[in-house]
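Convention: sequence-line order gives letters A, B, ...; per-chain numbering from 1.
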2 protein chains.
Amino acid sequence: MKTRKTKTPHIQPEAVIKAALEILDAEGLENVTLRRLAAKLNVQAPALYWHFKDKSDITDDMAQAILKNAGLDSITPPEDINNWDSWLKDLMSSLRNALTAHRDGGRVVAGATFGRAYTLEKIVVSTTKVLEKAGFDRLHASIATSTAIDYVWGFVIEEQAGMAPQAFLSAVAQSGENPVIQNTSEDDAYLTSIMDEYCKTTPTKAFDWGLQAIITGLKSAINKE
Amino acid sequence: MKTRKTKTPHIQPEAVIKAALEILDAEGLENVTLRRLAAKLNVQAPALYWHFKDKSDITDDMAQAILKNAGLDSITPPEDINNWDSWLKDLMSSLRNALTAHRDGGRVVAGATFGRAYTLEKIVVSTTKVLEKAGFDRLHASIATSTAIDYVWGFVIEEQAGMAPQAFLSAVAQSGENPVIQNTSEDDAYLTSIMDEYCKTTPTKAFDWGLQAIITGLKSAINKE
DNA sequence: ACCTGAACACCGTTCAAGT
DNA sequence: ACCTGAACACCGTTCAAGT
């Protein structure tokens, strides 16, 4: 019985990504650095280069993990193709939920390389197939898919950037001078009233409303082909 | 006649932003650093701190300049409010044009602080006012505005990240191994055919199609209120 | 095979000191 | 008022050397 020379490695790729996501949640994207990540794993920074080509390799895997952990790697098409609209709405809501489950999740996933975050491709492929079956030609099925996904990117990135009106209004309240002083005071007043209105909703409701509008628009685009 | 002691300063804020935009176009966002910017202005990096509070102050002003240079600081409402849909379409197209006029323009403007890039606020305020006049209540006018703008953010960020199918397909062609190898080969084949289709359009056409769908959806949302 | 130590070429930012 | 020089606390990455 020969003894194996191989020792268990100090770090494993999955553990690295898990630690990276913990740093992401606790300290934000700008603080997930190789040095901080290495420290959390009780290892020196260059050790990461044995397991990953470079930093974007790690962030791409983070994006993949974010989507996979949310169960988005196993998408099933709708049983009845006539329900493609509510199916799409649920899928895009799930996508947003996956992104908002982690601090800066929008920037992480939207910034990922297409080829490495393969769950993203699965989403694109599945959605396009469904839309094609729903009546779009292949080109417009893919454009419609991009339209919905781009909306999710934009919404979540703004949401997580602290552009939510709650955050904005509190910034206005905290700062002594008016941050929108360069505009006319009439515009300022209107903006404030917009924000006040906006505060009555939740980000989720706003997202759902916009998503519903987009899907309604896509639906009417089918008939015009 | 007294001689003034004031000498002309070595750098002026507008010149700084102009130089910053030149670096942005030539070398991308990750290369507009304070040191590089200072070097271009024949000055040392700390000198910038006399004119700007910090780096985000500079990038916010860049965002403002990008929008202003595109003429977006002087928006006029539609003569006939019934044309709000084509008015909105033109405005969002202008917004995308402003962003794509500079490398990484999407990330610069979408990442800007609301209060400092005040042209962005003008766009939001103007659009919301128009949509309110078009028949939305104030809350949904502002949600609709965000929906359209978030789509622009998402589309342009993906576009400028090199996610355009042209770029993706060439990446597939250049890399020896298939970058989507982790998925089923059936999905790969479908994805390739999607990209092939997509290559027949231009980003502008895809953007316009998606934007039209969104506006159509918004239009039908008015009636349901 | 897997990791360390040391170095390289950068960052943004602060601050005393110069003019 | 406006800018420099020097420093601080970081970055990602490379690479010889250790085990």
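- For A/Ala47, counting side-chain heavy atoms from C-beta on, the closest listed nucleotide (D/dT13, C/dC3, D/dT4) is C/dC3.
- Which of D/dA1, D/dG12, C/dG12 sits closest to the side chain of B/Trp50 comes down to D/dA1.
- B/Thr204 places none of its side-chain heavy atoms less than 4.5 Å from the side chain of B/Asn97.
- Between B/Asn42 atom CG and D/dC3 atom C1' there is a gap of 13 Å when expressed in whole angstrom units.
- Mapping A/His51 and B/Ser56 onto DNA chain C by nearest heavy atom places A/His51 at the nucleotide closer to the 5' end.
- A side chain to side chain donor-acceptor pair (under 3.5 Å) with A/Arg116 is found for one member of A/Asp61, A/Thr59, A/Asp60 and no other, namely A/Asp61.
- Here the side chain of B/Pro9 is nearest to one of C/dG12, C/dT4, D/dC2, namely D/dC2.
- With C/dC3, C/dC11, D/dT4 as the choices, the nucleotide that has an atom nearest any side-chain atom of B/Gln44 turns out to be D/dT4.
- Picking from C/dC11, C/dG12, D/dC3 the nucleotide with the shortest atom distance to the side chain of B/His10 gives D/dC3.
- Cation-pi check for B/Arg96 over B/Phe155 is not met; the charged atom does not lie both under 6.0 angstrom from the ring centroid and within 45 degrees of its normal.
- The partner of C/dC15 is D/dG5, judged by Watson-Crick or G-U wobble contacts that both fall below 3.5 Å.
- For A/Leu34, taking side-chain heavy atoms from C-beta onward, the closest of the listed nucleotides D/dT13, C/dG12, C/dT4 is D/dT13.
- Regarding B/Arg35, its CZ atom lies at a distance of 11 Å from the C1' atom of D/dA7, rounded to whole Å.
- Here the side chain of B/Pro46 is nearest to one of C/dT14, C/dT13, D/dC11, namely C/dT14.
- More than 12 heavy atoms of other residues, nucleotides or ligands lie within 6.0 Å of NZ in A/Lys40, so this atom counts as buried by the packing criterion.
- Residue B/Ala45 is the one, among A/Asn31 and B/Ala45, whose nearest nucleotide of DNA chain D lies closer to the 5' end (criterion: closest heavy atom).
- For B/Thr33, the side-chain atoms get nearest to C/dC11 when compared with the rest of D/dT4, C/dT13, C/dC11.
- Residue B/Arg36 places no side-chain N or O under 4.0 Å from the OP1 or OP2 atom of C/dC10.
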